[in-house]
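Comments concern the structure below.
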Amino acid sequence: MRDASEALIVIDVQNDFCPGGALAVAGGNEIIGPVNDLMGDFAVKVLTQDWHPADHGSFAGNHPGAAPFSVVDMPYGPQVLWPTHCVQGTAGAAFHPGLLTDPADLILRKGFRSGIDSYSAFFENDHSTATGLEGYLRSRGVRDLTFVGLALDFCVAWSAIDAARLGFRARVIESACRAIDLNGSLADARTAMVDAGVILEA
């Protein structure tokens with residue numbers, strides 16, 4: 001067991017991000033065993049869950065004529081328009097059935113405001129609206145964070161970068177992540193993580 005100052009943050013291991021889901025990440029189901037194995041190593045364990053209303057502004061279907069994976073300007077900046085996914089209360093929004101959820105100390109739902117997306121576990125995409133995760137971790141005395149989950153180049157990367165900027169020691173275990181890799185997004189995310197001081201581990 002690692003020191004109590006270390007936490008495992010498991011990002012969005014949900015049905016819609018696994019094969020067969022609405023926004024499937026190739027090989028997303030392959031990380032479930034490694035993630036479950038890590039659970040027993042950490043005293044503090046947090047799961048995040050994408051939790052969108054049906055009218056969410058990041059859904060291409062809510063922008064007439066817009067194609068999935070196109071980009072639009074929102075008040076908070078550029079926004080990728082995604083296929084409808086992880087709608088509140090649906091099977092797609094549920095955690096993958098193979099993921100161990102009982103060991104989690106906290107399940108953090110994000111992306112529930114219809115007007116703004118939320119990749120990071122710490123902030124919505126305006127980079128200022130906080131989710132409350134920072135306060136929770138600090139109240140637990142956590143200083144070091146290990147990130148795993150889906151998808152590496154979006155929600156995992158944004159979460160790890162924010163963690164580093166907030167002063168946490170942030171590490172990403174890439175073998176326990178999978179990426180979308182949209183137009184070079186994986187390479188860009190790796191560069192951004194390294195530049196922010198995130199430790200990338202194979």
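Just so we're clear, the structure is a prediction, and the values are computed from it rather than from any experiment.
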According to the side chain to side chain donor-acceptor pair (under 3.5 Å) rule, which pairs have a member within residues 24-38, sequence neighbours left out? E30-R178
With a 4.5 Å cut-off on side-chain heavy atoms, are L99 and V35 touching? yes
What heavy-atom pair brings C18 and A24 nearest, and what distance separates the two atoms? O-CB, 3.4 Å
Validation row: C86, F17 side chains within 4.5 angstrom (heavy atoms): yes
If I take atom CD1 from residue I161 and atom CZ from residue F122, how far apart are they, to the nearest 0.5 angstrom? 12.0 Å
Would a distance-only check, ignoring hydrogens and angles, find a side-chain to backbone donor-acceptor pair under 3.5 Å from D16 to G21? no
Under a 3.5 Å cutoff, is there a donor and acceptor pairing between the side chains of D50 and Q14? no
Would F168 and I199 show up in the same hydrophobic cluster when neighbours are defined by side-chain heavy atoms closer than 4.5 Å? no
Just how far is it from atom OH of Y76 to atom NE2 of H127, taken to the nearest 0.5 Å? 10.0 Å
Any link between L23 and F59 through a network of hydrophobic side chains (Ile, Leu, Val, Met, Phe, Trp, Tyr) touching at under 4.5 Å? no
Quick check: is V25 connected to V156 through a chain of hydrophobic side chains (ILVMFWY, heavy atoms under 4.5 Å apart)? no
Out of Q49, K110, H85, which one pairs with D12 under the side chain to side chain donor-acceptor pair (under 3.5 Å) rule? K110
Okay, side chain of S114, backbone of D55: is any donor-acceptor separation there less than 3.5 Å? no
All heavy atoms of D153 vs all of S185, minimum pair found to be OD2-OG, 2.6 Å
Kindly determine whether V10 and M39 satisfy side chain to side chain contact (heavy atoms under 4.5 Å, CB included), including the steps that lead there. CA-CA 9 Å; V10 181; M39 292 275 193; 4.3 Å; yes
Between A4 and V44, which heavy-atom pair has the shortest distance, and what is it? O-CG2, 3.9 Å
Separation between CZ (R171) and CD (E201), nearest 0.5 Å, reads 4.5 Å
Apply side chain to side chain contact (heavy atoms under 4.5 Å, CB included) to the pair R113 and T129, showing each step before the final yes or no. CA-CA 11 Å; R113 293 179 175 89; T129 303; 3.9 Å; yes
May I ask you to test the L133-L106 pair for a side-chain heavy-atom distance under 4.5 Å? yes
Shared ILVMFWY cluster between I32 and F95, side chains joined below 4.5 angstrom? yes
For residues K45 and L100, determine if any side-chain heavy atom of one lies less than 4.5 Å from a side-chain heavy atom of the other. no
Which salt bridge (charged side-chain N to carboxylate O under 4.0 Å, His left out) pairs, counting each pair once, include a residue from residues 181-200, with sequence neighbours left out? E174-R190
If I take atom CZ from residue F42 and atom CD1 from residue I9, how far apart are they, to the nearest 0.5 angstrom? 9.0 Å
For D117 and H56, run side chain to side chain contact (heavy atoms under 4.5 Å, CB included): C-alpha distance rounded to whole Å, both residues' side-chain angles, the deciding distance at 0.1 Å, then the answer. CA-CA 8 Å; D117 210 356; H56 200 265; 3.5 Å; yes
Go through the structure and list residues passing side-chain contact (heavy atoms from CB on, under 4.5 Å) with A66, not counting sequence neighbours. H63, S70, L81
Cluster link W51 to W82, ILVMFWY, side chain under 4.5 Å: no
Smallest heavy-atom separation, A151 atom then A179 atom, equals CB-CA, 4.4 Å
Can you check whether I173 reaches L38 side chain to side chain, under 4.5 Å on heavy atoms? yes
Which heavy atom of S58 sits nearest to which heavy atom of Q79, and what is that distance? CB-NE2, 3.6 Å
Just verifying a value: how many Å separate T131 OG1 and Y136 OH, rounded to the nearest 0.5 Å? 12.5 Å
If you apply the rule side chain to side chain contact (heavy atoms under 4.5 Å, CB included), what do you find for N125 with W158, and how did you get there? CA-CA 9 Å; N125 285 11; W158 285 49; 3.7 Å; yes
Between N62 and A54 the two heavy atoms that sit nearest each other are ND2-O, 3.1 Å
How long is the span from the CD1 atom in I31 to the NE2 atom in H96, to the nearest 0.5 Å? 10.0 Å
With heavy-atom distances below 4.5 Å as the criterion, would you say the side chains of T48 and C155 are in contact? no
